[in-house]
Amino acid sequence: MTAPWERWADLSNSPEFLMTERTTSLRHRHQLEVIKLTSAWNTIAISHLHSLIVNIAGVVKTASGNIRDFRIDVPNGYPYRPPRVYAIGWNPGALHTYPHSELCLWRPEQWTPRYTLAYTVAKAFTWIHKHDVYMHTNRWPGRGQTH
């Protein structure tokens with residue numbers, strides 16, 4: 001049986017997680033992002049400001065039954081600057097995190113504008129499921145990277 005985190009572990013080739021369409025403006029990019037997000041995820045809420053996505057709130061129920069809320073902040077400069085993901089209402093600890101409960105989904109230099117916010121949600125889901133395994137086994141499953 002496949003572990004929940006393994007379902008999203010290799011996402012880089014999924015069309016809903018890459019921006020393969022040509023965009024004509026930042027607003028057009030965000031319109032396509034909303035389509036990708038809503039087609040892939042039903043446990044998120046998207047906040048907009050002037051037709052641009054500013055953050056995404058989501059919830060994950062882990063295999064052990066824990067409910068984990070997270071928030072994705074979309075920075076000015078997106079998609080050329082990566083979104084940032086935070087644990088909300090729970091402490092993720094120090095492993096694979098940055099200050100202020102920010103989850104480390106990738107190193108900054110690994111981000112590419114081809115990635116989407118749907119990809120970011122998938123990475124957050126993966127990270128949270130891996131964290132759940134870690135909390136029960138004291139071993140981070142799958143591949144990890146140094147910071």
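FYI, the numbering just counts along the sequence from 1. No hydrogens, no waters, no symmetry mates; every other heavy atom, side chains included, goes into these values.
Hydrophobic cluster membership differs between L26 and L18, with clusters built from Ile, Leu, Val, Met, Phe, Trp and Tyr side chains linked at under 4.5 angstrom. One hydrophobic cluster, built from ILVMFWY side chains closer than 4.5 Å, holds both F125 and W111. In the hydrophobic clustering of this structure, I53 does not group with I88; members are Ile, Leu, Val, Met, Phe, Trp, Tyr whose side-chain heavy atoms approach within less than 4.5 Å, directly or through other members. There is no path of hydrophobic side-chain contacts, each under 4.5 Å, that joins I44 to Y86.
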### Task
Walk me through it: do T126 and K130 pass the test side-chain contact (heavy atoms from CB on, under 4.5 Å)?
CA-CA 6 Å; T126 301; K130 285 184 172 189; 4.0 Å; yes
### Task
Go through the steps to decide whether V133 and R139 satisfy the test side-chain contact (heavy atoms from CB on, under 4.5 Å), and finish with yes or no.
CA-CA 7 Å; V133 171; R139 186 178 152 277; over 6 Å; no
### Task
Walk me through it: do V60 and I67 pass the test side-chain contact (heavy atoms from CB on, under 4.5 Å)?
CA-CA 6 Å; V60 175; I67 303 297; over 6 Å; no
#### Entry: Step-by-step salt bridge (charged side-chain N to carboxylate O under 4.0 Å, His left out) determination, K36 to E21
CA-CA 11 Å; K36 289 174 181 291; E21 300 85 355; 3.2 Å; yes
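Ion pairing between D73 and R71 holds under the 4.0 Å rule for side-chain N and carboxylate O.
Here CD1 of I46 is found 6.0 Å from OG1 of T38. Values are rounded to the nearest 0.5 Å. From L117, atom CG reaches atom CD1 of I56 across 4.5 Å, with rounding to the nearest 0.5 Å. A distance of 8.0 Å separates CG in L105 from CD1 in I72, rounded to the nearest 0.5 Å. In this structure, the separation between CZ on R107 and CD on Q110 is 4.5 Å, given to the nearest 0.5 Å. Note: H131 NE2 to W90 CH2 = 5.0 Å, rounded to the nearest 0.5 Å. The line from CE of M19 to CZ of R114 is 10.5 Å long, rounded to the nearest 0.5 Å.
Closest approach of P75 to P82, counting heavy atoms only: CG-O, 3.4 Å. The minimum heavy-atom distance linking H28 with T23 is given by the pair ND1-CA, 3.2 Å. The two residues L103 and Y98 come nearest to each other via the heavy atoms O-CD1, 4.2 Å. Taking both residues in full, the closest heavy atoms of E102 and R84 are given as OE1-NH2, 2.7 Å, listed atom of the first, atom of the second, then distance. Across all their heavy atoms, A118 and W41 have their closest contact at O-NE1, 3.3 Å. When every heavy atom of L37 is checked against every heavy atom of V121, the shortest pair comes out as CD2-CG2, 3.8 Å.
In this structure, the side chain of W106 does not engage the main chain of K123 through any donor-acceptor pair within 3.5 Å. With T97 contributing its side chain and S101 its backbone, the two residues share no donor-acceptor pair below 3.5 Å. R68 places no side-chain N or O within donor-acceptor distance of the main-chain N or O of V59, the cut-off being under 3.5 Å. Panel note: side chain T112, backbone Y115; no donor-acceptor pair is recorded below 3.5 Å. H30 places no side-chain N or O within 3.5 Å of a backbone atom of S51 that could act as its donor or acceptor partner.
Ring centroids of H96 and W127 are separated by 6.0 Å or more, keeping the two rings apart.
Looking at R29 and T24, their side chains never come closer than 4.5 Å, going by heavy atoms from C-beta outward. Counting heavy atoms from C-beta on, the side chains of N55 and V74 never come closer than 4.5 Å.
For the residue pair Y78 / E33, a side-chain donor-acceptor distance below 3.5 Å is found, with atom types taken as modelled.
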